[in-house]
Number of protein chains: 2
Amino acid sequence: MTTSTNPCPSENKKHCHHDMQVNCGNCRLNTICLPIALETDQIDQLDKIIQRGRPLRKGEHLYHANDPFTSVYAVRAGAIKCYSITNDGKEQVTGFYLPGEVLGMDGISKHRHGSSAKALETSAVCEIPFENLGDLSTRIPSLQRHFFQLMSQEITQDQELITLLSKNSAEQRIAALLLSISSRQARRKLSATRFRLPMSRTDIGNYLGLTVETVSRVFSRFQKLELIAVDNKELELLKPDTLRLMVDGEEGE
Amino acid sequence: MTTSTNPCPSENKKHCHHDMQVNCGNCRLNTICLPIALETDQIDQLDKIIQRGRPLRKGEHLYHANDPFTSVYAVRAGAIKCYSITNDGKEQVTGFYLPGEVLGMDGISKHRHGSSAKALETSAVCEIPFENLGDLSTRIPSLQRHFFQLMSQEITQDQELITLLSKNSAEQRIAALLLSISSRQARRKLSATRFRLPMSRTDIGNYLGLTVETVSRVFSRFQKLELIAVDNKELELLKPDTLRLMVDGEEGE
DNA sequence: CGCCTGGTTGAGAATCATCAACATCTGTGG
DNA sequence: CCACAGATGTTGATGATTCTCAACCAGGCG
């Protein structure tokens with residue numbers, strides 16, 4: 001990871017990919033991201049409305065809750081965490097978004113973002129102005145359909161999380177999160193068993209309705225049982241099938 | 001509520017409204033339901049694609065999880081509960097839908113319903129074939145926009161439930177549910193303080209991630225504190241502001 | 001009338017939160 | 001390059017909330 005050959009003087013960071021030239025047509029995520037199911041010329045049309053800004057550094061915000069809603073965003077690199085602040089001032093993490101995933105759709109109804117979005121590490125996102133997307137969708141029915149599907153997916157995922165919070169133990173919740181990240185890695189053709197967790201233990205706990213301490217203890221227990229190997233944020237799933245069994249629960253019946 | 005003048009011989013039930021002749025234009029819910037923000041002639045177009053079947057009796061299903069997805073549904077009367085079955089065979093209630101509300105949107109992404117929908121009492125629904133809605137949306141941008149908003153709302157609500165489950169005590173969760181129903185009553189110009197709970201204690205507990213026993217105890221406690229008056233399913237909010245304080249939490253700070 | 005479902009109440013147990021101490025990591029400046 | 005500070009993570013002891021199990025009550029329907 002040398003930066004010596006970095007030809008971008010204005011962005012002296014190892015993560016500078018000169019992404020300004022990226023477009024949906026050549027993006028390696030285009031089989032899992034918004035352009036899925038579009039024809040080449042339609043991708044070009046989509047591409048025209050998409051804006052790509054400079055990368056976000058770790059900790060930078062993409063938007064804040066209550067900002068006027070103008071766009072949804074697709075993650076190109078890195079990881080974004082969405083969270084809102086509860087009426088008593090606590091943070092509630094509502095989701096983690098990895099490359100190829102679209103965030104910000106909760107802002108559509110109120111014309112304001114319902115949550116804040118913050119980079120967990122250096123990240124790149126594609127901004128998709130929503131007005132334009134709506135217009136384009138009326139002309140490209142398959143795009144409209146796909147965007148409906150994206151939103152529906154978000155609903156389904158939220159409902160799965162609700163079930164997880166409502167019915168499952170700390171161990172099951174954490175196993176489920178690890179497996180979720182694993183399958184999202186696989187979708188991107190990356191290793192399903194070895195990856196780096198982009199978020200802190202605190203964020204994991206917050207997302208899953210647990211305290212940091214509980215998360216830490218479960219990680220330790222899993223490690224002792226040789227279900228996973230943890231080195232800080234580096235993670236290896238040693239027995240993914242056992243984890244799956246934990247989640248899919250043998251208990252009920 | 002007399003049935004003596006009921007001129008519908010085939011449906012000898014007090015809930016028979018002769019709804020076959022109902023249309024979006026004359027439906028008293030049309031200011032809060034899908035037609036919101038549509039012009040009169042657009043409402044007619046919408047009305048043409050909507051199908052209205054016979055009422056559902058208590059316990060009947062509108063659709064089952066995994067049924068092919070063809071339509072979303074707007075509740076006209078009664079109450080519908082949506083639920084899914086977890087991998088270990090337990091039921092998870094994912095939402096209660098009251099008149100003027102739209103359900104079934106979680107089926108869009110997989111072309112199959114993600115959950116089952118069951119009438120909690122005699123109910124009437126309007127079926128909105130999704131293909132037709134998509135087509136119509138490409139011709140009526142404001143309909144497309146509104147439907148995007150509906151889905152976005154569903155996401156927002158799910159995220160609020162996630163927060164509730166993740167951060168709040170049994171008392172706070174139940175207070176929040178009561179207030180939610182209350183405000184939805186108000187939206188329909190019904191009493192915000194006196195209403196009948198269409199769902200069982202078991203359903204409430206299931207929805208909120210609590211056991212029946214806990215729900216029952218909290219109801220008793222609230223009653224003892226004179227926050228509410230309960231008579232079976234009939235409910236009166238005696239001190240809604242106190243309930244609101246409980247939910248909006250004084251504790252955190 | 002008695003059964004069955006749904007609801008209430010009690011006693012004890014379990015999971016997870018809280019509080020507290022300590023360890024580790026990161027980045028900063030000497 | 002090392003030292004240090006602050007943030008982040010780990011581990012232990014204790015306690016509270018909620019679940020579990022169990023008994024009992026109320027209402028609706030055959």
Side-chain angles (χ1 to χ4, degrees), chain A residues 1 13-14 57-59 81 86 88 90-93 118 120-122 164-175 177 196-225 228-235 246 249 251-252, chain B residues 57-59 81 88 90-93 118 120-122 164-175 177 196-225 228-235 246 249 251-252:
Chain A
M1 284 259 193
K13 309 178 62 54
K14 61 182 173 183
R57 270 187 288 273
K58 177 175 175 171
K81 139 181 128 175
T86 64
D88 53 318
K90 283 177 288 197
E91 180 175 323
Q92 169 68 44
V93 175
K118 189 177 181 177
L120 290 170
E121 52 192 39
T122 307
L164 201 65
L165 293 175
S166 181
K167 296 264 182 302
N168 295 66
S169 67
E171 295 197 348
Q172 291 176 312
R173 294 183 209 181
I174 288 173
L177 176 63
R196 184 186 149 80
L197 293 172
M199 71 293 281
S200 69
R201 302 285 191 271
T202 307
D203 285 336
I204 292 177
N206 193 314
Y207 177 67
L208 295 175
L210 302 169
T211 57
V212 206
E213 293 94 327
T214 301
V215 174
S216 187
R217 275 184 253 272
V218 172
F219 270 60
S220 301
R221 229 175 297 156
F222 281 2
Q223 175 137 260
K224 200 161 293 171
L225 294 169
I228 62 175
V230 199
D231 173 24
N232 208 347
K233 304 208 161 181
E234 292 297 332
L235 194 87
M246 291 188 56
E251 41 166 2
Chain B
R57 269 188 288 272
K58 175 174 177 173
K81 139 180 129 173
D88 52 319
K90 283 177 288 195
E91 180 174 322
Q92 169 68 45
V93 175
K118 188 178 182 177
L120 290 170
E121 52 192 38
T122 306
L164 201 64
L165 293 175
S166 179
K167 296 265 182 303
N168 294 67
S169 67
E171 296 198 349
Q172 291 176 313
R173 294 183 208 180
I174 289 174
L177 176 63
R196 182 185 150 82
L197 294 173
M199 70 293 281
S200 69
R201 303 284 192 271
T202 308
D203 285 338
I204 293 177
N206 192 313
Y207 178 66
L208 295 175
L210 302 169
T211 56
V212 205
E213 293 96 324
T214 303
V215 174
S216 186
R217 277 185 251 272
V218 171
F219 270 59
S220 301
R221 229 175 297 156
F222 281 3
Q223 175 137 264
K224 199 162 292 172
L225 294 169
I228 63 175
V230 201
D231 173 24
N232 209 348
K233 303 209 161 179
E234 291 298 332
L235 196 87
M246 290 188 57
E251 42 169 0

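Note that this is a predicted model, so its numbers are computed, not measured. Every chain is numbered from 1, with letters handed out A, B, ... down the list of sequences.
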Contact pattern, 5' to 3', of nucleotides 24-30 of chain D - B, S or - by protein heavy atom under 4.0 Å = -------
ask   = What is the distance from NZ of A/K58 to C1' of D/dA7, rounded to the nearest Å?
value = 10 Å
ask   = How sharply is the helix from C/dC1-D/dG30 to C/dG30-D/dC1 bent, taking the axes over five pairs at either end and rounding to 10 degrees?
value = 30°
ask   = Between B/Q92 and A/K167, which heavy-atom pair has the shortest distance, and what is it?
value = OE1-NZ, 2.9 Å
key: Main-chain N/O of B/S169 paired to B/Q172 side chain as donor or acceptor, under 3.5 Å   = yes
message = My understanding is that only residues two or more places apart in sequence, or in another chain, count here; which of them pass salt bridge (charged side-chain N to carboxylate O under 4.0 Å, His left out) with B/E91?
response = B/K81
message = Tell me the closest heavy-atom pair linking A/P198 and A/E121, and the distance in Å.
response = CB-OE1, 3.5 Å
task = Let me know the distance between CG of A/L235 and C1' of D/dG9, rounded to the nearest Å.
result = 15 Å
Nearest-Å distance for atom pair CG/P, residues B/L164 and D/dT18 = 12 Å
ask   = Could you go step by step and tell me if A/T214 and A/L208 meet the side-chain contact (heavy atoms from CB on, under 4.5 Å) rule?
value = CA-CA 11 Å; A/T214 301; A/L208 295 175; over 6 Å; no
query = In whole angstrom, what separates B/K233's NZ from C/dG6's P?
reply = 9 Å
note = B/L165 and B/Y207 have their tightest heavy-atom pair at CD2-O, 4.3 Å
message = Applying salt bridge (charged side-chain N to carboxylate O under 4.0 Å, His left out), can you list everything that pairs with A/R196, at least two apart in sequence or on another chain?
response = none
request  = Count the heavy atoms belonging to other residues, nucleotides or ligands that lie under 6.0 Å from NZ of B/K58, then report whether that count exceeds 12.
outcome  = no
Please tabulate the protein-to-nucleotide N/O contacts below 3.5 Å involving nucleotides 19-22 of chain C, giving atom names and distances.
| residue | atom | partner | partner atom | Å |
| --- | --- | --- | --- | --- |
| C/dC19 | N4 | A/E213 | OE2 | 3.1 |

query = What integer distance in Å separates A/L165:CG from C/dT15:C1'?
reply = 16 Å
query = Which one of A/V215, A/V212, A/V93 satisfies the side-chain contact (heavy atoms from CB on, under 4.5 Å) criterion with A/T202?
reply = A/V212
message = Which heavy atom of A/A170 sits nearest to which heavy atom of A/V218, and what is that distance?
response = CB-CG2, 4.2 Å
task = Begin with the C-alpha distance, continue with both residues' side-chain angles, and end with the deciding distance and a verdict on side-chain contact (heavy atoms from CB on, under 4.5 Å) for B/N168 and A/T86.
result = CA-CA 10 Å; B/N168 294 67; A/T86 64; 6.0 Å; no
task = Could you pull out the closest heavy-atom pair between B/F219 and B/I228, with the gap in Å?
result = O-CD1, 4.1 Å
message = I'd like to know if the side chain of B/Q223 reaches the main chain of B/V230, judged simply by a donor and an acceptor atom lying under 3.5 Å from each other, with no hydrogens or angles considered.
response = yes
task = For A/D231 and C/dC25, give me the distance from atom CG to atom P, rounded to whole Å.
result = 8 Å
ask   = Can you name the closest pair of heavy atoms from B/G209 and A/S166 and give their distance?
value = CA-OG, 3.1 Å
query = Starting at CD1 of A/I174 and ending at C1' of D/dT10, how long is that distance when rounded to a whole Å?
reply = 14 Å
ask   = Are any of A/S216's side-chain N or O atoms less than 4.0 Å away from OP1 or OP2 of D/dG9?
value = no
query = Does OP1 or OP2 of C/dT15 have a side-chain N or O of A/T214 closer than 4.0 Å?
reply = no
ask   = What residues in residues 197-212 of chain B put a non-hydrogen atom under 4.0 Å from any atom of DNA chain C?
value = B/S200, B/R201, B/T202
key: Nearest-angstrom distance from the residue atom CG of B/L120 to C1' of C/dG6   = 14 Å
